[in-house]
Amino acid sequence: MTGEDRSRASNGSTALTRTHRTRLDQPKAPRRRLLPEYDPEAFGRFSERIARFLGTGRFIVWMTLIIILWVVWNIFAPGNLRFDEYPFIFLTLMLSLQASYAAPLILLAQNRQDDRDRVTHEQDRKQNERSIADTEYLTREIAALRMGLGEVATRDWIRSELEDLAKDLDDRRALYPAESDEDR
């Protein structure tokens, strides 16, 4: 190996280590995940739709009809067509499975509703605080206007002052009848 080859080999090894470093100017490549990814909002909306359906009379009617058909079929159908004999173990299993999925979905829907209610209550509280502040401000302004109006001469006050002055003039004329406009 010549000196040139050695320098290339040493430069190549440093170049090799540089390429294995992560670049900060580019996003990382997505990693493989063992669990599938899902959109929590979409799953939440789906669970709310199911919870709303489970809380309706339609669900009760359909569930009742299915159970009645199940029991009637497994009692009166020919023996080779029956799939769940009298203790109806499979029916019990299906109802338990339905309940085990319904309960967490209902709880998830309730949690989402609680979150929405919390946000709504917080917004209402902030709006109430703003309304109270506005009301207090307007109350102070009205009080200031009332105080200012107390110092302003009103028409009735001016009329009473003019009447008092006219009465004083009449009293002076009565006391000093000799003064007239010609004496001046």
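Remark: F76 CZ to L81 CG distance equals 15.0 Å, nearest 0.5 Å. In this structure, the separation between CZ on F53 and CH2 on W62 is 8.5 Å, given to the nearest 0.5 Å. Within the model, atoms CD of E48 and CG of L105 stand 11.0 Å from one another, a figure rounded to the nearest 0.5 Å. Remark: D124 CG to E122 CD distance equals 9.5 Å, nearest 0.5 Å. Atoms CZ and CG, from R112 and D115 in turn, are 8.5 Å apart once rounded to the nearest 0.5 Å. In this structure, I66 CD1 and L91 CG are separated by 10.5 Å, a value rounded to the nearest 0.5 Å.
Under the 4.5 Å side-chain criterion, counting only non-hydrogen atoms from C-beta, H121 is not in contact with R125.
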Determine, stepwise, if the pair Q98 / M94 fulfils side chain to side chain contact (heavy atoms under 4.5 Å, CB included). CA-CA 6 Å; Q98 181 266 332; M94 295 307 292; over 6 Å; no
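Taking a 6.0 Å sphere around CZ of R58, one finds it holds 12 or fewer heavy atoms contributed by other residues, nucleotides or ligands.
Using the six-membered ring where Trp is involved, F88 and Y86 have ring planes that are perpendicular, over 60° apart on the 30 and 60° scheme.
Classification of K167 and E163 as a salt-bridged pair fails, no side-chain N sitting under 4.0 Å from a carboxylate O.
Tested against T135, the residues L138, T139, I132 include a single side-chain contact (heavy atoms from CB on, under 4.5 Å) partner, T139.
Closest heavy-atom contact between P104 and A99: CD-O, 4.5 Å. Nearest approach of N74 to F83, heavy atoms of both residues: OD1-N, 3.0 Å.
Judged as a side-chain contact (heavy atoms from CB on, under 4.5 Å), and not counting sequence neighbours, A144 has no contacts.
A donor and an acceptor atom, one from each side chain of D117 and Q113, are located under 3.5 Å apart.
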